[in-house]
Amino acid sequence: MTEPTSRPGGLIRTIIDGDLASGKVREVVTRFPPEPNGYLHIGHAKSICLNFGLARDYGGRCHLRFDDTNPGREDVEYIDAIERDVRWLGFDWGPHLYHAADYFEQLWQWALLLVEAGKAYVCDLSADQIREHRGTLTEPGRPSPYRTRSVEENRDLFSRMRAGEFPDGSRVLRAKIDMASPNLNLRDPVMYRIRRERHHRTGDAWCVYPTYDWAHGQSDAIEGITHSICTLEFEDHRPLYEWFLDQLPVPSRPRQIEFARLNLSFTVMSKRMLMELVQGGHVQGWDDPRMPTIAGMRRRGYTPEAIRDFCERIGVARADSTVDMALLENCIRQDLNERAQRVMCVHRPLRLVIENYADDRVEEIEAPFFPDDPPRMGSRKVPFCRELYVERDDFMEEPPKKFFRLAPGREVRLRWSYLVKCTGVRKDERTGEIVELRCTYDPSSIGPGAPAGKKGGTIHWVSARHSVPIQVRLYDRLFGVPNPARKDGGDFKEHLNPESLLVLTGARGEPGLVGATAGERVQFERKGFYFVDPVDSKPGAPVFNRIVSLRDSWAKIAAEG
RNA sequence: UGGGGUGUGGCCAAGCGGUAAGGCAGCGGACUCUGGUUCCGCUAUACGGGGGUUCGAAUCCCUCCACCCCAGCCA
């Protein structure tokens with residue numbers, strides 16, 4: 001009945017195991033409660049995987065509940081995006097889709113109970129005055145002059161608040177707890193505020209809306225949530241969460257448990273900053289492939305499997321931490337290494353002419369899609385002729401010691417094809433730029449029994465006559481520093497990586513690539529994994545987004561000098 | 001100098017009184033027609049510091065230090 005606690009969320013599983021063992025709960029019901037005021041990001045994915053994962057492992061259920069108590073900043077656009085993202089991640093809430101707004105009437109009735117019990121009162125203080133009365137971290141607050149209003153007056157005023165008799169912001173309903181509490185959340189927190197704002201679900205039915213603190217725990221109780229998992233910053237709210245439950249005839253007793261939110265290096269995770277990037281035009285929208293949003297990662301080409309794997313590997317704990325982006329990259333590489341077909345695409349073409357290869361000859365070379373997985377059949381023919389394109393980076397006129405690709409006089413293997421030796425270089429007379437490589441090939445170097453390509457490296461290529469122009473977008477980390485969300489008051493946008501997106505203009509791919517369809521993922525050998533962009537690709541004109549590069553030990557060597 | 005939290009190798013993270021898992025990163029080597037993958041191996045004074053209890057402590061107690069969160073009618 002209970003799962004071992006070795007899986008992620010060990011700390012939470014330990015608590016659940018205890019509650020199950022003691023008979024405190026008989027089933028596990030969790031919830032993922034996003035506020036529809038922005039797009040979901042990888043940090044939310046951690047929470048989604050945790051909540052739905054717990055429900056799955058314990059044979060319980062997980063609800064998707066929109067925490068829509070503040071209509072002014074919420075929008076249906078976000079609702080749709082959130083549902084799409086959760087589903088895409090692979091989770092199903094079944095019939096358990098809820099909205100805090102569904103409970104507005106019940107919450108109202110319960111608030112009335114508190115008023116009748118003298119535990120809540122209508123306060124006429126302005127927002128500023130309330131703040132002043134609240135005191136500070138080290139000084140106790142002072143009671144509002146309205147704190148002692150009679151039950152009758154409170155009942156009357158509260159009803160008229162709902163009836164729309166008072167202007168926005170003129171009054172609030174407050175819980176009467178303890179103005180001297182060292183926990184500021186208990187200094188008579190606001191439960192309702194007056195706002196004539198049209199709600200996406202309740203329309204104009206209400207002009208008073210509940211605050212998070214007042215709505216959340218009660219919503220959990222109504223839904224029978226057993227374990228209400230949230231992030232660390234809500235820890236201070238737990239006493240309030242419990243206070244409300246203690247005062248009311250709620251149908252169940254949920255338990256709040258906190259865990260540390262996810263931070264990822266080289267990116268930012270706050271809604272505010274992500275919103276700023278979108279609205280400031282620093283990225284092309286919430287689904288820009290560089291964004292850490294679920295939509296962005298999906299557009300980039302990440303798979304739900306890789307994201308889920310990532311969420312499992314990072315674990316769940318209570319210590320603030322920042323996960324290395326390299327771990328995320330490792331997850332997607334591992335997944336795609338298993339499932340992506342290998343094909344060839346030259347990113348920055350350098351013409352290569354094979355002098356001893358007949359000008360009118362064309363060979364169709366058989367190349368497997370999964371070289372490392374023989375049982376998995378599949379291959380295509382790649383045209384080979386006298387004129388090819390190879391990667392500029394694969395040639396160096398004066399190669400350093402550890403460089404074993406093409407250089408004057410050097411021989412390398414052309415992937416799936418012949419060994420070629422560089423016999424000369426042609427340069428632009430004016431600029432001195434290398435414009436063409438002259439080579440000779442070894443006719444006996446192909447096919448079974450041919451000498452292994454031990455001499456040099458193996459490089460990818462494409463036929464200059466048959467290859468097709470390919471649109472490639474190289475995405476890299478959005479920020480150039482590990483922790484862009486610095487707290488020294490500086491602008492995080494100063495750390496944006498100017499090379500987070502490089503659009504390649506002259507890339508050439510093997511002919512078959514024109515047939516790539518939106519949503520496909522491939523590996524361009526020796527380069528990385530790519531995704532056929534579902535938005536910008538057209539039939540016959542695919543656009544490839546680089547999801548992640550391959551690990552590159554040569555780059556490390558080269559960097560060291 | 002109010003309250004609530006957290007501190008285990010570069011980054012995450014198990015561990016819950018019996019003598020420090022695992023992953024990522026890093027470093028070697030094997031293999032390889034991807035400088036990819038795979039495989040093997042390695043490194044490191046890792047339990048914030050100092051006391052104490054105990055036969056025995058990362059795990060219990062005391063104390064100190066560091067960092068995070070809280071003064072929205074945001075969530």
Side-chain angles (χ1 to χ4, degrees), chain A residues 5-6 8 10-11 14 33-35 37 67 69-70 72-73 123 125-127 130-132 134-141 168-174 181-187 189-195 209 211-213 215-216 230-239 258 260 262 265 271 312-331 333-334 337-338 342 344 371-373 402-405 412-417 419 445-446 450-454 457-460 482 523-528 549-558:
Chain A
T5 58
S6 61
L11 115 131
T14 300
E35 181 189 12
N37 69 341
D67 224 331
T69 57
N70 192 358
R73 29 184 266 169
C123 181
L125 254 26
S126 69
I130 285 182
R131 186 182 329 113
E132 286 165 21
R134 184 155 33 224
T136 68
L137 295 178
T138 53
E139 302 161 22
D168 285 10
S170 61
R171 288 179 226 261
V172 294
L173 181 73
R174 294 225 253 169
S181 172
N183 181 338
L184 308 224
N185 292 126
L186 264 19
R187 319 241 265 225
V190 170
M191 295 169 64
Y192 279 98
R193 51 312 209 188
I194 302 173
R195 285 190 186 168
Y209 290 98
T211 56
Y212 164 86
D213 285 314
H216 207 89
C230 62
T231 43
L232 254 26
E233 64 270 28
F234 290 102
E235 191 148 19
D236 288 341
H237 293 242
R238 196 169 62 216
E258 310 83 17
L262 169 70
S265 62
K271 276 186 186 175
E312 257 183 42
R313 294 210 233 171
I314 57 178
V316 174
R318 290 172 62 89
D320 293 312
S321 61
T322 300
V323 176
D324 193 337
M325 175 67 87
L327 177 62
L328 213 208
E329 294 173 342
N330 175 78
C331 289
R333 282 196 189 102
Q334 185 173 304
N337 179 54
E338 299 289 314
R342 315 282 126 128
M344 296 192 286
D372 294 330
D373 193 359
K402 292 180 178 172
F403 185 84
F404 47 87
R405 272 115 92 150
V412 298
R413 169 124 248 149
L414 291 179
R415 183 69 160 161
W416 308 123
S417 182
L419 249 22
S445 63
I446 200 173
K454 265 296 185 184
T458 294
I459 65 175
H460 59 285
Q523 178 191 110
F524 285 158
E525 291 207 68
R526 304 208 308 133
K527 284 298 185 182
S549 66
L550 251 30
R551 285 169 73 191
D552 187 352
S553 56
W554 163 245
K556 288 178 192 167
I557 296 172

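In what follows, every chain begins at residue 1, and chains take the letters A, B, ... in the order their sequences are listed. These numbers come from a predicted model, not from an experiment.
Positionally, the nearest nucleotide of RNA chain B for A:N330 lies more toward the 5' end than for the other of A:D552 and A:N330. Sequence order on RNA chain B of the closest nucleotides to A:N337 and A:V323 puts A:V323 first from the 5' end.
Looking at every heavy atom in both residues, A:H237 comes nearest to A:D213 through ND1-OD1, 2.7 Å. Minimum interatomic distance between A:N337 and A:R342 (heavy atoms only, all atoms of both residues): O-NH2, 2.6 Å.
Distance check on atom P: B:rG72 versus B:rC64 gives 30 Å, rounded to whole Å. Rounded to a whole angstrom, the distance from the C1' atom of B:rC47 to that of B:rC12 is 15 Å. Comparing the C1' positions of B:rG49 and B:rA66 gives a spacing of 10 Å, expressed to the nearest Å. Separating the C1' atom of B:rC39 from that of B:rC65 is a span of 46 Å, rounded to the nearest Å. Only the P atoms considered, B:rU43 is 30 Å distant from B:rG17, to the nearest whole Å. Separation of the C1' atoms belonging to B:rU45 and B:rG9 is 10 Å when rounded to the nearest angstrom. Comparing the P positions of B:rC40 and B:rC67 gives a spacing of 43 Å, expressed to the nearest Å. With P as the reference atom, B:rC60 and B:rG22 are 24 Å apart, rounded to whole Å.
Under the salt bridge (charged side-chain N to carboxylate O under 4.0 Å, His left out) criterion, A:E329 pairs with A:R477, sequence neighbours left out. Under the rule for a side-chain contact (heavy atoms from CB on, under 4.5 Å), A:E338 has no partner lying at least two apart in sequence or in another chain. For A:L550, the side-chain contact (heavy atoms from CB on, under 4.5 Å) partners two or more places apart in sequence, or in a different chain, are A:Q523, A:F529. For A:D236, the side-chain contact (heavy atoms from CB on, under 4.5 Å) partners are A:N183, A:N185, not counting sequence neighbours. Not counting sequence neighbours, the partners of A:Y212 by the side-chain contact (heavy atoms from CB on, under 4.5 Å) test are A:D67, A:H216, A:F234. Residues satisfying the side chain to side chain donor-acceptor pair (under 3.5 Å) test with A:R526, not counting sequence neighbours, are A:D394, A:H460.
Here the C1' atom of nucleotide B:rU34 and the CZ atom of A:F524 are 14 Å apart, to the nearest Å. Taking atom CG on A:L11 and atom P on B:rC12, their separation rounds to 17 Å, with Å as the unit. The CZ atom of A:R313 sits 16 Å away from the C1' atom of B:rA14 (whole-angstrom rounding). Taking atom CD of residue A:E235 and atom C1' of nucleotide B:rG4, one finds them 6 Å apart after rounding to whole Å. One atom, CG of A:L328, and another, P of B:rC11, lie 18 Å apart when rounded to the nearest Å. Between the P atom of B:rU32 and the CZ atom of A:R415 lies a distance of 14 Å, rounded to the nearest Å. The CG atom of A:D320 sits 13 Å away from the C1' atom of B:rA66 (whole-angstrom rounding). Atom-to-atom, CG of A:D324 to P of B:rG26 comes out at 9 Å; the value is rounded to the nearest Å.
Nucleic acid contact class of A:K527 (heavy atoms, under 4.0 Å, all strands): none. Residue contacts shown for A:Q523 include a base, since a base heavy atom lies under 4.0 Å away. Across all strands, A:S417 comes closer than 4.0 Å to base atoms (heavy-atom distances).
The aromatic ring centres of A:W554 and A:F404 sit 6.0 Å or more apart.
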Which side-chain N or O atoms in residues 317-324 of chain A pair as donor and acceptor under 3.5 Å with protein atoms at least two apart or in another chain?
residue	atom	partner	partner atom	Å
A:R318	NH1	A:E258	O	3.3
A:R318	NH1	A:E258	OE1	3.2
A:R318	NH2	A:E235	OE1	3.1
A:R318	NH2	A:E235	OE2	2.4
A:D324	OD1	A:A326	N	2.9

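Look at A:R318 and you'll find a side-chain N or O under 4.0 angstrom from OP1 or OP2 of B:rU6. Contact between the side-chain N/O atoms of A:R551 and the OP1/OP2 oxygens of B:rU38 is not found at any separation under 4.0 Å.
In this model, a side-chain donor or acceptor of A:R342 finds a partner on the base of B:rU34 within 3.5 Å.
B:rG72 shows a glycosidic angle within 90° of 0 and is accordingly assigned syn.
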Counting primed atoms, P, OP1 and OP2 as sugar-phosphate and everything else as base, the B/S/- map of nucleotides 70-75 of chain B against protein heavy atoms under 4.0 Å is BBSBBB
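At a threshold of 4.5 Å between non-hydrogen side-chain atoms, the residues A:S549 and A:R333 count as touching.
Taking only side-chain atoms of A:A317, from C-beta outward, the nucleotide of B:rA13, B:rU34, B:rC24 with the closest atom is B:rA13.
For RNA chain B, runs of at least 3 consecutive pairs of the Watson-Crick or G-U wobble type, with both hydrogen-bonding distances under 3.5 angstrom, map to B:2-7 with B:65-70, B:10-12 with B:22-24, B:26-30 with B:38-42, B:48-52 with B:60-64.
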